[in-house]
Asker: 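Below is a structure I'd like to ask you about.
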Amino acid sequence: MNISFNKPYLTGKEAHYIYDAVFSGKISGNGKYTNKCHEFFAQKYGFKKSLLTTSCTDALEMAAILIDIKEGDEVIIPSYTFVSSANAFVLRGAKIVFADSSALNPNLDIDKIEELITAKTKAIVIVHYGGVAVDMDKLMAIANKNNIFVIEDAAQAIDSYYKNKPLGSIGHLAAFSFHETKNIISGEGGLLVINDSQFEKRAEIIWEKGTNRRAFFRGEVDKYSWVDIGSSYLPSDIIAAFLFAQLENIELIQNKRKFIWNLYNDLLTPLEKNGFIKLPYIPDYATNNAHMFYIVCKTGEQKEKLIARLKDQGILAVFHYLSLHKSPYYEGKHDGRTLPFSDLYSDCLIRLPLYYELTEEEVRYIAKTITDFFQN
Ligand SMILES: *Cc1c(COP(=O)(O)O)cnc(C)c1O
């Protein structure tokens, strides 16, 4: 066996739509396929206003500009996340106050948020880790009481829900990723969702290099000019064409991923029952979009041995997220609090292969290899 960690899935229509985009004669951003994608998000998830971006990182940078992050503002962010969740705000001068994960799953611990809020706190960035929702009612209540913006880093959370509300539709702003390691892909790609309507107009301007070009093309202004800061955050329509082929097949992709996820869960449950490992925890208020299947080992040493054993057996499993508060870049700036659960997941969590083309036989083989590791 030779099982890779990830394999991008192609639905078959990508090249066709790209061809169409190329020969339609307009391949810069905000074209036919960009609009098709925006319509899809409006119809399927009720996102009032969404803007495709070249990455989730870019969508987060737009969010930081929109909420007007300035030098000295504080932003609360989980330490156990991808660097972009924090970097987008650091770029605007924010001080990051890192929050710990929960004991139950890698999402940040909402019950420990209030003690981190000061007069300078401007925003909380939450990550729906593995597409599993953070308790948004609790979070929004805290944020509203303290007049703080909530940004959902929904990079992993496409097609997942909190109490029947799509993730990405609850915070003031949300950012999705279509990087090739996510459920729905376009190579590199992302989406900014604007739920707080005060940001709608300005978001379009920031998206198009600080100009009111989009309003110009709608005939709302008679010339377009430089009106604000911004950058080139919109992707070419070629990227949007690829993405649209994926979105059309979202049910198919999600069903297959959920099948694989559930199979892993069933096959590994005996190990959890016997206390060897912990499996993903999904609260009642959350759905599972099968972005990721992970296991949590008892110790870092055990994790390393298991990854090595899997590798010996031809299986590529990986770990991720070295706690950001301990990163070479941020360590000296962190306030010194220990974040034990962030460190726990950083040390002990393993992600297993999960992609459309992974076969049932391969999943059984992976689960058996893990079971043998613990039982012998
Ligand atoms: C993948 C990911 C990102 C970055 O997405 P890009 O589209 O590569 O910029 C940010 N945050 C989280 C939690 C991610 O998983």
Side-chain angles (χ1 to χ4, degrees), residues 5-6 8 37 41 50-65 75-91 94 96 98-102 105-108 123-134 136 139 150-160 167-168 171 173-193 207 231-236 239-240 242-243 246-247 257 280 286 288-294 318-325 327 329-330 342 345-346 349 351-352 354-355:
F5 173 68
N6 184 51
C37 291
F41 292 116
S50 47
L51 293 172
L52 287 191
T53 56
T54 46
S55 64
C56 178
T57 302
D58 271 357
L60 290 164
E61 285 182 22
M62 285 183 70
I65 295 173
V75 181
I76 298 170
I77 302 182
S79 178
Y80 189 73
T81 180
F82 187 66
V83 52
S84 294
S85 317
N87 194 57
F89 298 85
V90 168
L91 274 174
I96 308 302
F98 283 112
D100 203 5
S101 294
S102 146
N105 68 22
N107 282 345
L108 93 177
I124 303 176
V125 179
I126 55 94
V127 178
H128 302 295
Y129 184 81
V132 175
V134 164
M136 293 305 286
L139 178 70
V150 170
I151 318 288
E152 294 178 67
D153 180 340
Q156 306 174 2
I158 191 79
D159 203 50
S160 205
L167 298 188
L173 297 160
F176 286 91
S177 174
F178 306 117
H179 184 264
E180 74 168 27
T181 52
K182 306 301 201 279
N183 292 28
I184 297 295
I185 63 174
S186 60
E188 304 282 350
L191 180 77
L192 177 73
V193 180
W207 195 54
S231 190
S232 189
Y233 288 121
L234 75 175
S236 150
I239 300 283
F242 189 110
L243 182 64
Q246 295 264 315
L247 292 172
R257 295 186 73 102
N288 174 24
N289 74 343
H291 172 60
M292 188 192 301
F293 197 91
Y294 66 83
V318 302
F319 65 96
H320 71 166
Y321 299 156
L322 302 173
S323 292
L324 292 180
H325 72 287
S327 62
Y329 179 69
Y330 220 83
S342 177
Y345 297 115
S346 185
L349 183 145
R351 300 175 62 185
L352 302 180
L354 203 177
Y355 46 91

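Just so you know, ligand 1 is whichever comes first in the structure, and atom 1 is the first atom listed for that ligand. Below, all heavy atoms of this structure are taken into account, side chains as well, without hydrogens, waters or symmetry copies.
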Asker: With a 4.0 Å cut-off on heavy atoms, is Tyr321 in contact with ligand 1?
Answerer: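 True for this residue.
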
Asker: May I ask you to check whether Ser84 has an N/O atom sitting below 3.5 Å from an N/O atom of ligand 1?
Answerer: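 In this structure, Ser84 places no N or O atom under 3.5 Å from an N or O of ligand 1.
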
Asker: Give a yes or no on whether the backbone of Ile184 and the side-chain of Gln246 come within a donor-acceptor separation of less than 3.5 Å.
Answerer: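 Looks like no, no N/O pair under 3.5 Å.
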
Asker: Among all protein heavy atoms, pick out the one at the shortest distance from atom 7 (O) of ligand 1; state its residue, atom name and that distance to 0.1 Å.
Answerer: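 Here the closest protein heavy atom is Ser177 OG, 2.7 Å.
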
Asker: With sequence neighbours left out, what residues match Phe89 under ring pair (Phe, Tyr, Trp, His ring centres under 6.0 Å)?
Answerer: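 Partners of Phe89 by the ring pair (Phe, Tyr, Trp, His ring centres under 6.0 Å) criterion come out as none, since no residue qualifies.
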
Asker: Kindly identify the option in Glu61, Gln156, Lys182 whose heavy atom sits closest to atom 2 (C) of ligand 1.
Answerer: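 Nearest heavy atom to atom 2 (C) of ligand 1 lies in Lys182.
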
Asker: Are the aromatic ring centres of Tyr345 and Tyr129 under 6.0 angstrom apart?
Answerer: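 No: the rings miss the under 6.0 Å criterion.
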
Asker: As an exercise, identify every atom of ligand 1 less than 4.0 angstrom from a heavy atom of Cys56.
Answerer: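 Those qualifying, in numeric order: 4 (C), 5 (O), 6 (P), 7 (O), 9 (O), 10 (C).
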
Asker: His320 vs Tyr80 aromatic rings, parallel, tilted or perpendicular, using cut-offs 30° and 60°?
Answerer: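 Rings of His320 and Tyr80: perpendicular, over 60°.
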
Asker: List the closest protein heavy-atom neighbour of atom 14 (C) of ligand 1: residue, atom name, distance to the nearest 0.1 Å.
Answerer: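 It is Ala155 CB, 3.3 Å.
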
Asker: Just which atoms of ligand 1 are under 4.0 Å from any heavy atom in Thr81?
Answerer: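 With Thr81 as reference, the close atoms of ligand 1 come out as 13 (C).
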
Asker: Examine Thr57 against ligand 1 and note whether any of their N/O atoms are separated by less than 3.5 Å.
Answerer: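 By distance alone, the answer is yes.
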
Asker: Heavy atom of Gly189 under 4.0 Å from ligand 1?
Answerer: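 Yes, that is the case, since the closest heavy atom of the residue is under 4.0 Å from the ligand.
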
Asker: Taking the inter-plane angle between the rings of Phe98 and Tyr330 on a 0 to 90° scale, is it parallel (under 30°), tilted (30 to 60°) or perpendicular (over 60°)?
Answerer: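 Plane angle over 60°, so perpendicular.
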
Asker: Pair His291, His128 - check side-chain contact (heavy atoms from CB on, under 4.5 Å), show working.
Answerer: CA-CA 11 Å; His291 172 60; His128 302 295; over 6 Å; no

Asker: Could you grab the distance from atom CG of Leu51 to atom CG of Leu191, nearest 0.5 Å is fine?
Answerer: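 Between Leu51 CG and Leu191 CG, I get 7.5 Å after rounding to 0.5 Å.
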
Asker: Out of all atoms in ligand 1, which are within 4.0 Å of some heavy atom of Val127? Include the element for each.
Answerer: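 It comes down to these atoms of ligand 1: 13 (C).
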
Asker: Would the distance check show the side chain of Asn6 and the main-chain N or O of Glu180 forming a donor-acceptor pair, the cut-off being under 3.5 Å?
Answerer: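 Yes, Asn6 side chain to Glu180 backbone: donor-acceptor pair under 3.5 Å.
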
Asker: For atom 11 (N) of ligand 1, what's the nearest protein heavy-atom neighbour? Residue, atom name and distance, please.
Answerer: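 Nearest neighbour among protein heavy atoms for atom 11 (N) of ligand 1, to 0.1 Å: Asp153 OD2, 2.8 Å.
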
Asker: Please report which non-hydrogen protein atom sits nearest to atom 3 (C) of ligand 1, along with the residue it belongs to and the distance in Å to one decimal place.
Answerer: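 Closest protein heavy atom to atom 3 (C) of ligand 1: Phe82 CD2, 3.6 Å.
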
Asker: Using a strict cut-off of 4.0 Å, indicate which atoms of ligand 1 neighbour a heavy atom of Ser55.
Answerer: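 Matching atoms, with element in brackets: 7 (O), 9 (O).
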
Asker: Between Asn183 and Asn289, is the side-chain contact (heavy atoms from CB on, under 4.5 Å) condition met? List the steps.
Answerer: CA-CA 9 Å; Asn183 292 28; Asn289 74 343; 4.0 Å; yes

